[in-house]
Protein chains: 2
Amino acid sequence: MKQLFEYFNRFSPLSDEAKEAIEGISKLVHIQKNKDLQPIGHTCKTVYFINKGIARIYYYKDGIDITDGFATENNVIARVESLFTGKPSRKAIQILEDAEIVAIDANKLFKLYDSYPEIERLFRKIFEASHVETVNRIEGIQFHTAEERYKALLEEAPTIIQRVPLKYIASYLGITQVSLSRIRGQR
Amino acid sequence: MKQLFEYFNRFSPLSDEAKEAIEGISKLVHIQKNKDLQPIGHTCKTVYFINKGIARIYYYKDGIDITDGFATENNVIARVESLFTGKPSRKAIQILEDAEIVAIDANKLFKLYDSYPEIERLFRKIFEASHVETVNRIEGIQFHTAEERYKALLEEAPTIIQRVPLKYIASYLGITQVSLSRIRGQR
DNA sequence: CTATCCATTTATCATATGATAAATAATCAG
DNA sequence: CTGATTATTTATCATATGATAAATGGATAG
């Protein structure tokens, strides 16, 4: 849990008591490459933190596999549109490299909010940061060409491009695999 | 403030004391059409609630005016990427119809979080809902044609299309004004 | 009411990306 | 190691949207 608490410290430090409370509702899971951590159609009741490995959120659009986002070590991953609404998610979380993950029970977490305002605050900040990323991503999608988006990803997250099959990256960038290959090929 | 507290009730009801505290850090402002409520380059230190009128968030991309989003009556509007980070915003908020707006001082609001966990919770939920909308919007932008996006907006928010100049809607949809006109014209 | 300015539409041409298919390359099971 | 499956690249053609310019329509100030 050391990694997790270090991550928390980047947002707001927790009392020992609060840390223990979170430890009490978390468990460490190991998952193999290509397995779904959470399937499509289930309501998101877990917040995950990645100790090791890489994951993606994906869904099907007209039968085609679309990657919604990636998460790597020392980051939280959750399907917020389900976690925050209680509605089933049309998205799944898949593991792309054998992974070690901390699974935090969301219902219990939300209950902890009542007794530990510091925990509510911490997760508010974590998700606010993710909210900001999402807002900024819209600008990237909307007003840059596919090539610019690819190059931006190369800059910001080169390891993702190295670790993840290109087909997943293509749909994340909003283009076909063929277009991505064309963009990479030119020059 | 009646409208505002009714809006709050949709998320979580506040105690009278908390309501008074919020009232104490809010003021009612009246703004004319086409005025900027907040200019580009300033750090967002206010959360706005629209009693009457319509507003948009916009910015300049390569010198071109881009609409990031709209907000109408009984909704909150804020530049979250600045509000949550404390960094200056590259975006502005402009009023598109003479408006009556409740301006909530964000720094004072964040201080109220310490003494009123219920207020922190309320705003957490408000912004979580906005986070979910943003996440869902990415799917719309990424995987629908301009025509589909226009028709979706017609369905979901026909009043916005009626009340707002088309040029603003075009950039919101991620297309040029000329393309939007073409889409509207066909048939 | 008129003149000016701004918003919208229409037209033409250029281009990035999609769709499809086929060729290579890489990965994996046995 | 071999064959089979999956991922990636390359090629061709079609099309949605962009860029630009010009025409039309609507709003507003005086």
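Chain letters run A, B, ... following the sequence lines, proteins first and then strands; every chain starts at 1.
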Distance in angstrom units between [X] [atom1] and [N] [atom2], rounded:
X        : N      : atom1 : atom2 : answer
A:Gln177 : C:dT17 : CD    : C1'   : 15 Å
B:Arg184 : C:dA7  : CZ    : P     : 15 Å
A:Lys167 : D:dT8  : NZ    : C1'   : 11 Å
A:Ile161 : D:dT8  : CD1   : P     : 12 Å
B:Glu148 : D:dA16 : CD    : P     : 11 Å
B:Gln142 : C:dG18 : CD    : P     : 10 Å
A:Leu166 : D:dT10 : CG    : P     : 12 Å
A:Asp65  : D:dA7  : CG    : C1'   : 13 Å

Between [options], which one does the side chain of [X] approach most closely?
X        : options                : value
B:Ser181 : D:dT17, D:dT10, C:dT10 : C:dT10
A:Pro165 : D:dT9, D:dA7, D:dT17   : D:dA7
A:Val178 : D:dA11, D:dA19, D:dA7  : D:dA11
A:Arg182 : D:dT12, D:dT9, D:dA21  : D:dT12

Residues A:Asp36 and A:Tyr58: side-chain donor-acceptor under 3.5 angstrom |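 Judged by distance alone, the side chains do pair up.
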Is the closest side-chain donor-acceptor distance between B:Ser12 and B:Arg121 under 3.5 Å?
->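 No, no side-chain donor-acceptor contact under 3.5 Å.
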In terms of hydrophobic clusters joined by side-chain contacts under 4.5 Å, are A:Leu83 and A:Leu122 together?
->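 A:Leu83 clusters together with A:Leu122.
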Check: A:Lys91 main-chain N/O paired with A:Arg79 side-chain donor or acceptor under 3.5 Å |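 Flag set: sc A:Arg79 to bb A:Lys91 pair under 3.5 Å.
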Main-chain N/O of A:Gly53 paired to A:Glu73 side chain as donor or acceptor, under 3.5 Å |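 Between the backbone of A:Gly53 and the side chain of A:Glu73 there is a qualifying donor-acceptor contact (under 3.5 Å).
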So, is A:Lys33 near the phosphate of C:dC28, with a side-chain N or O under 4.0 Å from OP1 or OP2?
->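 True: A:Lys33 side-chain N/O within range (under 4.0 Å) of C:dC28 OP1/OP2.
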Would one find a side-chain N or O of A:Ser179 under 4.0 angstrom from OP1 or OP2 of C:dG18?
->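 Checking C:dG18 against A:Ser179, a side-chain N or O does come within under 4.0 Å of OP1 or OP2.
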Base, sugar-phosphate, or nothing for B:Thr176, non-hydrogen atoms under 4.0 angstrom?
->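 The answer is sugar-phosphate, as B:Thr176 gets under 4.0 Å only of primed atoms, P, OP1 or OP2.
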